[in-house]
Amino acid sequence: MAFQPPYSPSLFRKRDNASGASVVAIDNKIEQAMDLVKNHLMYAVREEVEVLKEQIRELVEKNSQLERENTLLKTLASPEQLEKFQSRLIPEEPAPESPQVPEAPGGSAV
């Protein structure tokens, strides 16, 4: 898709052929600059996509490895160990958000 300037170059050509040629030259330079920017952005995006694809491959591989390890550990664990582990996953009581300050004998905080 070619660059469409927000004005009609023919408006400028009617005044003077020399300035009209100048407007066409400017239009060409603008179009070249925009193409250069577009090409640079496309290259940068492609490069970033490749980096992200590699990260995804590494994460999928790591996930598979951890799943295999988890399965192995489950098969090697005794029922008692599994029960103890499951009980640790379910918190009994939420921990207090701030530490409790012990009260002084008179009933005021120290």
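Reckoned from all heavy atoms, side chains included, excluding hydrogens, waters and symmetry mates. Each residue takes its place number in the sequence, starting with 1. Keep in mind that this is a model prediction, so the values were computed, not measured.
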N63 side chain reached by L59 side chain, heavy atoms, under 4.5 Å: no
Checking E67 now: which residues fulfil salt bridge (Lys or Arg N to Asp or Glu O under 4.0 Å) with it, not counting sequence neighbours? none
Side chains of Y43 and N39 in contact at under 4.5 Å (non-hydrogen atoms): no
To the nearest 0.5 Å, what is the distance between CD1 (I26) and CD (E31)? 14.0 Å
Listed by chain and number, what are the salt bridge (Lys or Arg N to Asp or Glu O under 4.0 Å) partners of R57, not counting sequence neighbours? E54
Could you check whether atom CD of E58 has more than 12 heavy atoms from other residues, nucleotides or ligands sitting under 6.0 Å from it? yes
Which distance, rounded to the nearest 0.5 Å, do you find between the CG of L73 and the OG1 of T75? 7.5 Å
So N70 and K74, do their side chains get closer than 4.5 Å, heavy atoms only? yes
For L66, enumerate each residue passing the side chain to side chain contact (heavy atoms under 4.5 Å, CB included) test, keeping only those at least two apart in sequence or located in another chain. K62, E69
